[in-house]
Each structure stands twice: as structure tokens, then as C-alpha cells.
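Here's the structure, in C-alpha cells; my notes come after.
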There are 2 protein chains.
Amino acid sequence: MKQPATIQSLDEAMPSRRGLNRAQSVAETIKDWIIDRGLAPGDRLPQEPQLMADLGASKGTIREALKVLETQGLVRMRTGPGGGAFITDVGDDLAGALLANHFFFKQVSIADIYRLRILLEPQLVKDLASHISSAQIAELRDRMSTYREPPASIEEEREQRTAELEFHEALASMSKNPLLGFICGFLARLLKDLAVCRRIYDKPNPELRESGLSYQEQLIAALSAGDASTAHTVMQDHMRTAQKIMLAQEAEITRAFLSM
Amino acid sequence: MKQPATIQSLDEAMPSRRGLNRAQSVAETIKDWIIDRGLAPGDRLPQEPQLMADLGASKGTIREALKVLETQGLVRMRTGPGGGAFITDVGDDLAGALLANHFFFKQVSIADIYRLRILLEPQLVKDLASHISSAQIAELRDRMSTYREPPASIEEEREQRTAELEFHEALASMSKNPLLGFICGFLARLLKDLAVCRRIYDKPNPELRESGLSYQEQLIAALSAGDASTAHTVMQDHMRTAQKIMLAQEAEITRAFLSM
DNA sequence: AGATATTTGTTCGTATGTATT
DNA sequence: TAATACATACGAACAAATATC
């Protein structure tokens, strides 16, 4: 059954969106559609000509509105026959990118990040111990093998440091608590992206590396044994030493900066 | 003379942005400009005709790109002479709304939220104790007066509960750690929306209220005395009690986020 | 206070690219 | 291979908002 036109009622159904221009207003209207028609990821929105008719807006405006939804990660556009705008789940990485924008102009220090990591990461693995699967443990073991051997070059040094952070991202993605998982993943991502950290990672740092390696072994052992409290302790120790090392490095680098 | 293929030169001027369409690619390019030209909030981007020339894109495309940046909260558009796209700070509320979108289809439980609050809020006030100003303490005292007296109706009950969460948002906004502050604020916001949408707080709950009142007095006392460890303990106790009470009424957040 | 110039906002018509059949 | 259906992009014109004189 086709439901032809809620057409011109829309211009009136839509008046009281103060402060927004047409495209944003259209985007909000489409959002409302999604809500009260209960559309789920995978469902398709009407096509552009249809939207133009239904919302009484031109192509350009419709496109701007869809762009809004797309950058919010709510829909994904596809070309070709059968194409159009599809409702999609908002991926962690996109949400992380958006959130990273928020901290674009704020100064987030390494100290700020580690203050959170020290609190959250131990809790994360503590919860994880009770429900982690053997397949997931295997995945963690697999990641570890990446940096089995000491780095031979600066590039390898940085690669290993990145891999270590991705180990934490993997842990985060396994959490049953979406909030906790997302935040831990985001913190790891911030460390990966932060300019200051990049400089830190450029120098060899065997101390941090060895600490990382031994803790990971202990952590995996504790996780596969389902030993929550040991996992918690191991992670906490690791975070504390990592914090110390990173803060020392940060201080050193800023000192080097000042002397220029 | 018409120049048919501006498109060609663009593919070369703007290489290696795989998978993105033109508007998104343009948006990324503009972002890069912002970064390496060191543009700060308040600075202005070139105007549309200029951007069209510089990026070799049509007006519609430029507008889509600017729309992307606008919905990400990175720029704000203004009409009229001297108007254009202005770099802007990304407000906490917008970032929160975007992040809330991310949890639109996920199920976040009250248990999930409180697991984080128990860890983070105590740390927040502990840090706060060392640098809070007397003006800020006055503001907190002022907020408390809102719910001095027991609620007379269901509506007042809910209002007081909201005010209590806004007390936490105020605390969060005072943090010197932007990450910690943002996350605590976001958690309070989640609970607030949860309250509005799911009517969890509709029943009178004198136990929670009294616990809240007495803890706030103790907290403010500790903060104005600069007593970090007491502030930490007080908040931790409060969070634990609140968690117990709330878990009794545990319900899951489903949708209701998008309307923000 | 009002006219005007400047700049974004919106629309239409059309052409091109791309994936499905 | 050709035909189709859809998004994607261009360009020109017009409408609305707003600062300046």
C-alpha cells in the first residue's frame, strides 16, 4: 500500500523550529520520521524526488539535510538503482571522530587522559573476566604476537606503540557496558592521535615496552582463568607505571621545546 | 571559454581521499586548512565564491561541505555583509547530543551508567577541592536551595530530581580536566533524559532525597575547606547509595535520545 | 530611520557518474 | 552490451538576512 502524501501539511507541521535554517529543519523532520515510524538500521528512506515532494524542498536543500544526517552517522547514502539513504547504526569510530572534534580546541593533557584510564581500564577488565570468550582471548593473544620482538627502527617503535593501544581498543570493544567500552576506546584513540604523544612515541622506550609485555601476559592469564580481581590489579599497576613514564616523557619534551 | 574539466584537476589536487564523495572530501580539506593554518575560534573562513574558486567546486558542493562542518559544530554560518563561516568552539551540549546519537540503538542500563559514576564523580570532586573558587561554591549553595523543602507533588518530585542532576552537571563544568568534566556531565544528562522519558523518578523516593540533601551539605563543606579526601569519600558514599536505590528500579534506555 | 550593498540561503534545470538488470 | 534508476555535481538566477552609511 502506498501512502501518497502527507505533503503540504508538512510546511505547517514544521514551522516552530526556531533558529534553524531550512536544511536543518528538514533534517530534524526526517529524524522525527525515523523515530515515530520506528525505522531500524537497514531500512531505507524515501528517495530524493519523493523527499522533495513530501517535504516541499528542493534538491539542494534535501541534499544538505541528508548530509547532516550522514555526518551524524544516522544514514548512509548509496548510488545506483535501489540506492538512496539507508538508516545505519552509528559506529564507534565515527562517534569517536565526532567527539574528538569537540576536544579539537581544548587542551587535553596526557595527565588528563591517564587520570581517567587509571580509573576505568581496571574496571573494564574486571568486568570482562566474567564473560570473555575463548575466541576473544585468542584474538588478544594474536595481537600480542605483533610486538613480540624488540623494535628495530623508529618506525617499528611507533608501530608497536600503536599496536599496544589497539590492544586496549580491542579490550574496550569486548565490554558489555557500552558506555565504559566506548570511553576506554576513545581514550586509547586520543592517545594515538595526540600530537604530543606522537613525539613521545618517536623515542625508543624499552621500559614502557617491557612493562607492557609482561602485564599483557599476566592480564590474559587472569582473564582466561576468570580471575576478576587479579585482572583488576594487573591493569591498575600497568596504568600507573605507564602514567609515570608518559608524564616524565611529556615533561622532557616540553622542556626540549622551551629551549629552542 | 568554458573549462569543461575542473573535475580532472581536482582529482589531482585532492588525492587519496578514498571512499568519500566530493562534499566530504572538501570538508576534510577545509579541516586540514584549519589545522595547519592554525585557525582559532572566531576566525573566518573564506567566503563561498572564494572557496568555490580555491577548491574548484560548485556552490552546492561547497554548501554541503560547510553543512558537514556546521553539524559537527566546527563552524557557524552568518549571513549579511562580513558574514560567512566562522570557526567556533564545539559546545559541550552539541557534542553531548552527537554522542547521544551514538547510543541511540544501543541499550544502556542504569547499572552501566552508575558503574561509571561511582568511579568518576568521586575523582571529580577530589580534584575540584584544590581549585574551586568561592564564587563557584556560592553557585552550588544557590542550587541547593531549590530543593530545600520536601516535594509537594509528583511534578515537584521530578523537578527536584532534575535539579539534583543539574547540581552534578554544575560540578562537572567546574572541572579543570575537560575529559573528566565532559563525561560526568554527559552521564548526568543521560540520567536526566532517562528520567524525563521513562518516568523512572515519578514515584516519591524520600530515601534518595534525604541522602542527596545531606551529602550535598557535607560535600560543599568539604570543598570550601579544600578537603579533597573527605569530598572524595562523601561523593563515593552518595553514589553507592544512589546506585542501590536506582538499581531497584532498573530499566533500559532504548530510544528517546534522538530528540535532544 | 531607511536605503543599499554584501553575503548566505534556496530553487530550478541540466548533465554526468555509477551500480543494477 | 544496453537500458534503467538513482545519486552526484554544475551553473545561473532569485530570495532573504544583516551590517553599514
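Lettering of chains follows the sequences in order, A, B, ..., and the numbering in each one begins at 1.
The nucleotide whose nearest atom lies closest to any side-chain atom of A:N21 is, among C:dT10, C:dT7, D:dT8, C:dT10. For A:P81, the listed nucleotide lying nearest its side chain is C:dA19; candidates were D:dC10, C:dA19, C:dT10.
Ion pair A:E64/A:K67 not flagged as a salt bridge, since none of the NZ, NE, NH1 or NH2 atoms sits closer than 4.0 Å to an Asp/Glu carboxylate oxygen. A:E70 and A:R76 are not joined by a salt bridge, as no carboxylate oxygen comes within less than 4.0 angstrom of a charged side-chain nitrogen. A salt bridge links A:E28 and A:K31; the closest N-O separation between the charged side-chain nitrogens and carboxylate oxygens is under 4.0 Å.
Regarding A:R63, its CZ atom lies at a distance of 16 Å from the C1' atom of C:dG13, rounded to whole Å. For B:L45 and C:dT8, the CG to C1' distance is 14 Å, given to the nearest whole Å. The separation between B:M77 atom CE and C:dT6 atom P is 18 Å, rounded to whole Å. Between the P atom of D:dA7 and the CD atom of A:E64 lies a distance of 16 Å, rounded to the nearest Å. Atom CD of B:Q47 is separated from atom C1' of D:dA19 by 13 Å (rounded to the nearest Å). Atom CZ in A:R44 sits roughly 13 Å away from atom C1' in C:dT20 (whole-Å rounding). One interatomic measurement links the two molecules: CZ of A:R78 to P of D:dA5, which rounds to 18 Å at whole-angstrom precision. D:dC6 atom C1' lies 15 Å from atom CZ of A:R76, rounded to whole Å.
Within the 4.0 angstrom heavy-atom criterion, only backbone atoms of the sugar-phosphate kind lie near B:G82; the bases stay farther away. In this structure, A:E48 reaches the bases: a heavy-atom distance under 4.0 Å links it to at least one base atom across the strands shown.
Between A:F103 and A:F186, the angle of the ring planes lies from 30° to 60°, which puts this pair in the tilted group.
With the nearest nucleotide of DNA chain C identified for both B:P49 and A:S58, B:P49 has the one nearer the 5' end.
With hydrogens and angles left out, the side chain of A:K59 and the base of C:dT14 share a donor-acceptor pair within 3.5 Å.
In this model, the phosphate group of D:dA7 is not approached by any side-chain N or O of B:R22 to a distance below 4.0 Å at OP1 or OP2. Regarding contacts with the backbone of D:dT8, every side-chain N or O of B:T61 stays at 4.0 angstrom or more from both OP1 and OP2.
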Please assess A:D127 against B:R115 for the test side chain to side chain contact (heavy atoms under 4.5 Å, CB included), listing each intermediate value before the final yes or no.
CA-CA 10 Å; A:D127 294 350; B:R115 188 137 232 160; 3.4 Å; yes

